[in-house]
Structures are given as C-alpha cells and as structure tokens.
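Structure first, commentary second.
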Amino acid sequence: MTGTRGLRIWSKVHTWTSLISMLFLLMLCITGLPLIFHEEIEDLTEQQFAAPQLPSGTPAAPVDDVLRAAQQARPGDHVLFVTWRDEQPSVVVITMSPTPKPMRGQFYRLVMDARTKAVLGEERPQRGVMDVILLLHKNMLLELPGELFLGAMGLLLVVSIVSGVVVYAPFMRRLAFGTVRQRSRRLKWLDLHNLFGIVTTVWLFVVGGTGVINTLAMPMYDYWRGQVLPPLLAPYRGQPVAQPSSLDQAIARVRTALPEGRLTSITMPTAENFGSPRHLVVWMKGNSALTALLATPTLVDVDQNVPVLVPQMPWYLTLLQMSRPLHFGDYGGLPLKIVWALLDLVCIVALITGLYLWIAKQRFGGSARARAAALPTETRSA
C-alpha cells in the first residue's frame, strides 16, 4: 500500500492496535521498571543468609552430608529440591516440606553452608511487593489466561510498531531527525510522540517479542513434557516413589554425561516429577556466556546401573530460555539494566503522548485537512 490512501490505512492500523493495547502496555512498562532491578531490590529488602568467611580453598562437603544435616535439622520433613546459587557459591539451599506434595506456601528453604553443613537460616515463602509486581507483569494475577491475554497484547504491540514506522517514514524524508515543530501544541506532541517512538522502536520490538514468547512458557513446557517424556518414562508409571541412595553419585554420573555442564539444582523423585517416581532431575547449565542461560535437565535413575537420560531440548524451549534475560536486560549486568530502564521511561512517555494525541483528536476533530496540516509541505505534495 502506497500513497495517501495507503498511509491513511496504516495510520488507522497504528491508531487502533496502539489504543487497544495501550493501557496494558503502560501497566507492563510501569511494573517492568522495578523488575529490571529485581536482584538489586531484593538484595536491599530481603533477609540475606551469607556463609562465613573461611580460609581460601576450603572444600565443599559432600552433598549427601549436607542433605543429612538438613534432615536432622527438620526430622520427618521431605526434601523437594537442592539448589546452588550463582551469587553465593558457598551456599546450598534445601527446599523442604512437611508433606511430599506441598500446597502453595507449605514449604520452606533451609540455607546451608556448603562447606560446614551448618544451617545459616530459613527462608519461608511469602508474597512480597516484588512478587506481586512480577505476577501483575506476568499474568495480571490471572495465571495462564492472563499470560495468554498479555501475549495477544504483545502481538498487537508488534503490529503497532510496524505500522508506526510506516506512518513515520514520510516525516523522515524532509524533516531533520529530532525536529519538534512549535506551531501548535498538538503538532509539538505529535513530533515528540514520533521521536520517542522511533528511538525505542528496536528496543520495544525486542522486549515485546520476547514478552510474547515468555507468555507461552507453560504451554511450551507442557507440550514438550507430553511429547518427549512419556515414551522415555512409560516403564516407570505407577511405581512407588524411590529414594536415591546418593546425590553425589548421581552428580558424578551427570558430570560424566555432560562434562562441560555446571550444576544448578536437583529435583527429588516424586509421583509428579516429570512423570517418573524413580528419577532425580539434575539441572545443568553451560559455562560460556550463552550456554549459561540454557538449563538442561538430566534424568538419573536411582538404580546406578541404568544410563543417564538426557532428553532433547527442542528449539522453542531454547528460544524461550534465551529470551528471558533479554526481556529484562540481564545479559550485560547493571549498565545494560540502566539502559533498559531509560528506554522503558522513554516508552512510557511515547505511550502517554500517543494517548494525548488520540484524546485531542476526538475532542477537537480529526478531519483529513487537519491531519494533512500536521505533515510537512513537501510530504503533502509528494
């Protein structure tokens, strides 16, 4: 579509895709701003349990010994997960519950010194301010329906960006980049809206696209589990939940299968654990800048003679894992987060100016002549 008619159609597409998604995009930008700095905020607001300073080179205790120490601290409770934190290499977190299948909020985390096996503290699940902000940003507190709805708003955002670039293109032919005309208030806000929009175009396209991908996380994992895992785990269906004899042996077997991997967490066998009551799920990540973002599950049978299973991760789950840190600017540390936050603020201004322009158009009229008056003379005569 070219010419005046094509531009008019693109303008309507941009207007309505923007209006339909605008309030939700404002909510996402506002809630996304603190989430960019979620790690820094949590460090300041949440209770931290740090391991004491020990002589350099103090070795880590066997994981089995750390697990026994946790069970002695809370006898009768069930171990659900064992987790290693990148930012605290001397700490192991043991997630436990009074029941094998805990309800929401009925679990806790024992923070253990990985070297001395001492209990450093206990983290209980609680929904703080950052948790509420994350849920609003993720699904508006509506779980999967909310996620899918925000995904649809993200698709409208992508259409809005493309149509906005098409509508803005005529301005770039004759006006210098960044020009803000002062002939009227509406014209000034139009130029500011176009400027802020074009400055954030690439960033908003990336953030919007990765956001859409993230809203499909649950369906993606459910599809993968339903397609790939049942044939592998069919022989173990209905068997009683087994207890592994040694986590250290399981870790050693996984390191043999994935020598370049880095241990991140272990999920204990349960009736719902990936569909198998006999397998530990040992999660590994790579050591490079890229593979450190990709988690690979390995299934380790409690029978030491059964080979380790490494399910193939499909391309769409790899794409999902790579999109998550890009969405919040986690690839480049604090400097990139600051850039993300500044672009987020500029995007908020672009959304507000767009809403102002639409309201002004409805209030004062929006004839074709008025719209043409906003365009440069050279563009109108082209």
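Treat the numbers as computed from the prediction; the structure is a model and nothing was measured. Just so it is clear, the values below take in all heavy atoms, side chains as well, and ignore hydrogens, waters and symmetry mates.
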Using the side-chain contact (heavy atoms from CB on, under 4.5 Å) rule, take Phe205 and Leu157 through it: C-alpha gap first, then chi angles, then the decisive distance, then the call. CA-CA 8 Å; Phe205 192 88; Leu157 168 64; over 6 Å; no

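- By the 4.5 Å heavy-atom criterion applied to side chains, Leu216 and Tyr316 are not counted as neighbours.
- At a threshold of 4.5 Å between non-hydrogen side-chain atoms, the residues Arg225 and Pro311 do not count as touching.
- Placement of Val132 and Leu33 in two distinct hydrophobic clusters is found when ILVMFWY residues are connected by side-chain heavy-atom separations under 4.5 Å, directly or transitively.
- Of the possible polar contacts, none joining the His279 side chain to the Val300 backbone as a donor-acceptor pair under 3.5 Å is found.
- Distance check: Leu80 CG to Thr95 OG1 gives 6.5 Å after rounding to the nearest 0.5 Å.
- The distance from atom CG of Leu155 to atom OG1 of Thr17, rounded to the nearest 0.5 Å, is 11.5 Å.
- Side-chain N or O atoms of Asp64 include one that pairs as donor or acceptor with a backbone N or O of Leu247 at under 3.5 Å.
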Passes side-chain contact (heavy atoms from CB on, under 4.5 Å), Ile359 versus Leu355? Steps please. CA-CA 6 Å; Ile359 294 174; Leu355 183 61; 4.1 Å; yes

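- Inter-residue side-chain proximity for Trp315 and Leu319 is flagged as met; some heavy-atom pair is nearer than 4.5 Å.
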Test side-chain contact (heavy atoms from CB on, under 4.5 Å) on Leu134 and His38 and set out the steps. CA-CA 9 Å; Leu134 177 60; His38 68 98; over 6 Å; no

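- Within a 6.0 Å radius of CD in Gln53, other residues, nucleotides and ligands contribute 12 heavy atoms or fewer.
- Side-chain atoms of Thr116 and Leu54, non-hydrogen and from C-beta on, do get closer than 4.5 Å to each other.
- A distance-only check finds a donor-acceptor pair linking the side chain of Thr15 to the backbone of Ser11 [under 3.5 Å].
- The aromatic rings of Trp203 and Trp340 sit perpendicular, their planes meeting at an angle over 60°, well past the 30° parallel limit.
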Assess the residue pair Gln71 and Ile94 against the criterion (side-chain contact (heavy atoms from CB on, under 4.5 Å)); give the C-alpha distance rounded to whole Å, side-chain angles, the decisive distance to 0.1 Å, and a yes or no. CA-CA 9 Å; Gln71 291 172 320; Ile94 313 294; over 6 Å; no

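- Ring geometry for His137 against Phe328 counts as tilted: the plane angle lies between 30° and 60°, on a 0 to 90° scale.
- Closest approach of Val119 and Ala73 over heavy atoms only: CG2-CB, 4.0 Å.
- For Asp248 (side chain) and Val63 (main-chain N/O), a donor-acceptor pair under 3.5 Å exists by modelled atom type.
- Proximity of Trp358 to Met22: side-chain heavy atoms (C-beta onward) are nowhere separated by under 4.5 Å.
- When all heavy atoms of Gly32 and Asp344 are compared, the pair lying nearest together is C-OD2, 4.4 Å.
- When the shell of 6.0 Å around CD of Glu260 is examined, it contains 12 or fewer heavy atoms from other residues, nucleotides or ligands.
- The shortest distance between side-chain heavy atoms of Leu44 and Ile41 does not fall below 4.5 Å.
- Under a 3.5 Å cut-off, the side chain of Gln88 and the backbone N or O of Ala51 do not form any donor-acceptor pair.
- Counting heavy atoms from C-beta on, the side chains of Arg262 and Trp84 never come closer than 4.5 Å.
- Heavy-atom neighbours of Glu143 CD from other residues, nucleotides or ligands within 6.0 Å: at or below the threshold of 12.
- Between Leu136 and the options Leu35, Ile30, Leu141, Leu142, a side-chain contact (heavy atoms from CB on, under 4.5 Å) holds for only Leu141.
- Crowding of Lys285 atom NZ: a count of heavy atoms from other residues, nucleotides or ligands under 6.0 Å exceeding 12.
- Closest approach of Ile348 and Cys29 over heavy atoms only: CG1-CB, 3.6 Å.
- The heavy-atom pair separating Asp65 from Lys117 by the smallest distance is CB-CD, 3.6 Å.
- Contact detail for Pro269 and Pro277: the closest heavy-atom pair is CB-O, 3.4 Å.
- Between Leu317 atom CG and Met322 atom CE the span is 13.0 Å, to the nearest 0.5 Å.
- Scanning all heavy atoms of the two residues, the minimum distance from Ala242 to Val302 falls at CB-CG2, 3.8 Å.
- Atom CZ of Arg278 and atom CG of Leu299 lie 13.0 Å apart (nearest 0.5 Å).
- With hydrophobic clusters built from ILVMFWY side chains whose heavy atoms lie under 4.5 angstrom apart, Met218 does not share a cluster with Leu135.
- In this structure, the side chain of Thr215 does not engage the main chain of Leu150 through any donor-acceptor pair within 3.5 Å.
- Atom OH of Tyr221 has more than 12 heavy atoms from other residues, nucleotides or ligands within 6.0 Å.
- The distance from atom CZ of Phe196 to atom CD1 of Ile352, rounded to the nearest 0.5 Å, is 10.5 Å.
- Apart from Val91 itself, the hydrophobic cluster it occupies contains Phe49, Val93, Val111, Leu120, where clustering links Ile, Leu, Val, Met, Phe, Trp and Tyr at side-chain heavy-atom distances under 4.5 Å.
- Two different hydrophobic clusters hold Phe149 and Val212 under the rule that ILVMFWY side chains link at heavy-atom gaps under 4.5 Å.
- With rounding to the nearest 0.5 angstrom, the CZ atom of Arg85 is 13.0 Å from the OG1 atom of Thr264.
- With contacts defined as side-chain heavy-atom distances shorter than 4.5 Å, the pair Leu144/Leu148 qualifies.
- When atom types are taken as modelled, the side chain of Thr298 and the backbone of Val282 share a donor-acceptor pair closer than 3.5 angstrom.
- Met27 is not connected to Leu23 by any chain of hydrophobic side-chain contacts under 4.5 Å among Ile, Leu, Val, Met, Phe, Trp and Tyr, and they are in different clusters.
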